[in-house]
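Working notes for the structure below.
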Amino acid sequence: MLVSNPPKITHQELLALALEAKGSIKHIYLHWTAGRYGQFFDDYHLNVDADGQVYRTCGALTERKAHTWKRNTGAIGVTLCCALGATYGQKPNFGAMPPTQAQARSLAWIIAILCAALGLPIAYATVATHGEIAIADGYGPGSGDPDLRWDLLWLPDWETGDGLHQGGNFLRTLARQFSQRLQPPAASNAQSPTSGSVLQLPLLTE
């Protein structure tokens, strides 16, 4: 369902939200809305607009949302607001509003922050695109399913303007790079995790 004017969320606020959910989340699933830029949906916990701005569409990351078929328990759904009219064929067509590079980089930051806070590895077993999951669960490309899903299975190669990136591998690799830029809590505060010091963790932005 469409959401009007959801609140923006910063990296620091996302970190705090994720720490509250630690121990309850096992998977992160990555989507696109197949809608317009600037359209936000409450099927997901987080929406990322064309400029990379992140919007919160949940009260807590532990809320059960309807983002990934049969995989919504203990999972976070993050979506890019894009891909209106996207179609899958011999060469993917990303539609009138394709995923932007700003969205992809913002999504990689989200993955890095969530996985660091939740204690999850950045790997296919824990972080996957809806397209990858649809293939695994029998409703992706090649399945013949009329409700085919291929969200983020492929992404544009923005550097060359031609060609494609394999979406899941590209996003996980970029998220691992970004995770190396997250600064751990100061050593003097490391022994007092309940003091709130971990929430002061500075996040390096681009």
Side-chain angles (χ1 to χ4, degrees), residues 25-37 39-48 50 57-58 61 63-115 118 120-160 162-179:
I25 302 298
K26 302 300 180 186
H27 298 96
I28 301 166
Y29 296 121
L30 314 175
H31 299 254
W32 61 37
T33 60
R36 300 178 182 278
Y37 302 145
Q39 283 186 331
F40 312 106
F41 293 83
D42 67 359
D43 305 74
Y44 315 95
H45 296 84
L46 303 167
N47 284 241
V48 184
T57 44
C58 66
L61 294 176
E63 287 180 18
R64 192 175 186 277
K65 297 279 190 175
H67 49 84
T68 311
W69 185 57
K70 291 189 174 181
R71 289 176 177 259
N72 295 315
T73 300
I76 295 172
V78 187
T79 194
L80 305 187
C81 305
C82 64
L84 178 69
T87 56
Y88 193 86
Q90 187 172 5
K91 182 175 181 179
N93 177 352
F94 296 105
M97 298 187 180
T100 68
Q101 187 173 20
Q103 284 179 313
R105 294 182 72 83
S106 182
L107 182 53
W109 269 114
I110 291 169
I111 295 166
I113 293 166
L114 289 178
C115 286
L118 296 168
L120 299 177
I122 302 175
Y124 167 76
T126 48
V127 182
T129 68
H130 197 185
E132 291 174 313
I133 293 305
I135 289 175
D137 289 354
Y139 61 100
S143 66
D145 193 305
D147 199 27
L148 179 146
R149 292 288 184 271
W150 62 285
D151 311 24
L152 305 177
L153 188 60
W154 298 99
L155 285 169
D157 184 340
W158 298 279
E159 300 298 329
T160 65
D162 191 21
L164 300 168
H165 292 296
Q166 201 290 323
N169 289 337
F170 177 83
L171 291 165
R172 288 186 291 267
T173 297
L174 190 57
R176 291 186 200 105
Q177 294 171 5
F178 286 170
S179 69

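In this text, all values refer to a predicted model and were calculated from it rather than measured experimentally.
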Problem - Exercise: do Thr79 and His130 side chains pair donor with acceptor under 3.5 Å - result: no
Problem - Pairwise distance CG(Asn47) to OG1(Thr33) - rounded to 0.5 angstrom - result: 7.5 Å
Problem - Heavy-atom donor-acceptor pair, Gln39 side chain to Phe41 backbone, under 3.5 Å - result: no
Practice task
Output yes when a side-chain donor or acceptor of His165 lies under 3.5 Å from a complementary backbone atom of Asp157, and no otherwise.
Solution key: no
Problem - More than 12 heavy atoms from other groups under 6.0 Å of CZ on Arg176 - result: yes
Exercise for the section: Decide yes or no for Gln166 and Glu132: does some side-chain heavy atom of the first lie under 4.5 Å from some side-chain heavy atom of the second? Expected result: yes
Practice task
Please round to the nearest 0.5 Å and tell me the distance separating atom OG of Ser143 and atom CH2 of Trp150.
Solution key: 14.0 Å
Practice task
Indicate yes or no: at least one non-hydrogen side-chain atom of Val127 is less than 4.5 angstrom from one of Leu30.
Solution key: yes
Exercise for the section: Mind listing the closest non-hydrogen atom pair of Cys81 and Tyr37 along with its distance? Expected result: O-CD2, 3.1 Å
Completion exercise
Value for CH2 (Trp154) from CG (Asn93), rounded to nearest 0.5 Å, stands at 15.0 Å
Exercise for the section: Would you indicate whether the side-chain heavy atoms of Leu118 and Leu61 approach each other to under 4.5 Å? Expected result: no
Exercise for the section: Using a 4.5 Å cut-off on heavy atoms from C-beta on, say whether the side chain of Val78 contacts that of His31. Expected result: no
Exercise for the section: Heavy atoms only: give me the nearest Pro99-Pro156 pair and the separation to one decimal. Expected result: O-CG, 4.1 Å
Practice task
Check whether any side-chain N or O of Thr126 sits under 3.5 Å from a backbone N or O of Ala123 as a donor-acceptor pair, and report yes or no.
Solution key: yes
Practice task
May I ask you to decide if the ring planes of Trp32 and Phe94 are parallel, tilted or perpendicular, using 30° and 60° as cut-offs?
Solution key: perpendicular
Problem - Any side-chain heavy-atom pair of Thr73 and Arg64 under 4.5 Å - result: yes
Exercise for the section: Mark yes or no for whether Glu63, through its side chain, and His45, through its backbone, hold a donor-acceptor pair below 3.5 Å. Expected result: no
Practice task
Could you tell me how the ring of Tyr29 sits relative to the ring of His67: parallel (under 30°), tilted (30 to 60°) or perpendicular (over 60°)?
Solution key: tilted
Handout entry: Atom pair CZ/CD1 of Phe178 and Ile111 - distance to nearest 0.5 Å
Key = 10.0 Å
Problem - Short side-chain to backbone donor-acceptor contact, Tyr124 and Asn169, under 3.5 Å - result: no
Completion exercise
d(Cys115 SG, Ile25 CD1) to nearest 0.5 Å is 11.5 Å
Fill in the blank from the handout: Which of Asp43, Asp42, Ile76 passes side chain to side chain contact (heavy atoms under 4.5 Å, CB included) with Lys65? Answer is Asp42
Practice task
For the pair Thr129 (side chain) and Gly168 (backbone), establish whether a donor and an acceptor sit closer than 3.5 Å, ignoring hydrogens and angles.
Solution key: no
Exercise for the section: Measure from the side-chain N and O atoms of Lys70 to the backbone N and O of Asp137, and report whether any donor-acceptor pair falls under 3.5 Å. Expected result: no
Problem - Atom of Ile122, atom of Ala112 and distance for their closest heavy-atom approach - result: CD1-CA, 4.3 Å
Exercise for the section: Output the distance between atom CG (Leu80) and atom CD1 (Ile110), rounded to the nearest 0.5 Å. Expected result: 8.0 Å
Practice task
Measure across Arg149 and Ala134 and return the closest heavy-atom pair with its distance rounded to 0.1 Å.
Solution key: O-CB, 3.4 Å
Handout entry: Least distance between heavy atoms, Gly95 atom then Pro98 atom
Key = O-CD, 3.7 Å
Problem - Minimum heavy-atom distance Gly131-Leu153, with the two atoms named - result: C-CD1, 4.0 Å
Handout entry: Flag side-chain contact, heavy atom, 4.5 Å: Thr100 against Cys82
Key = no
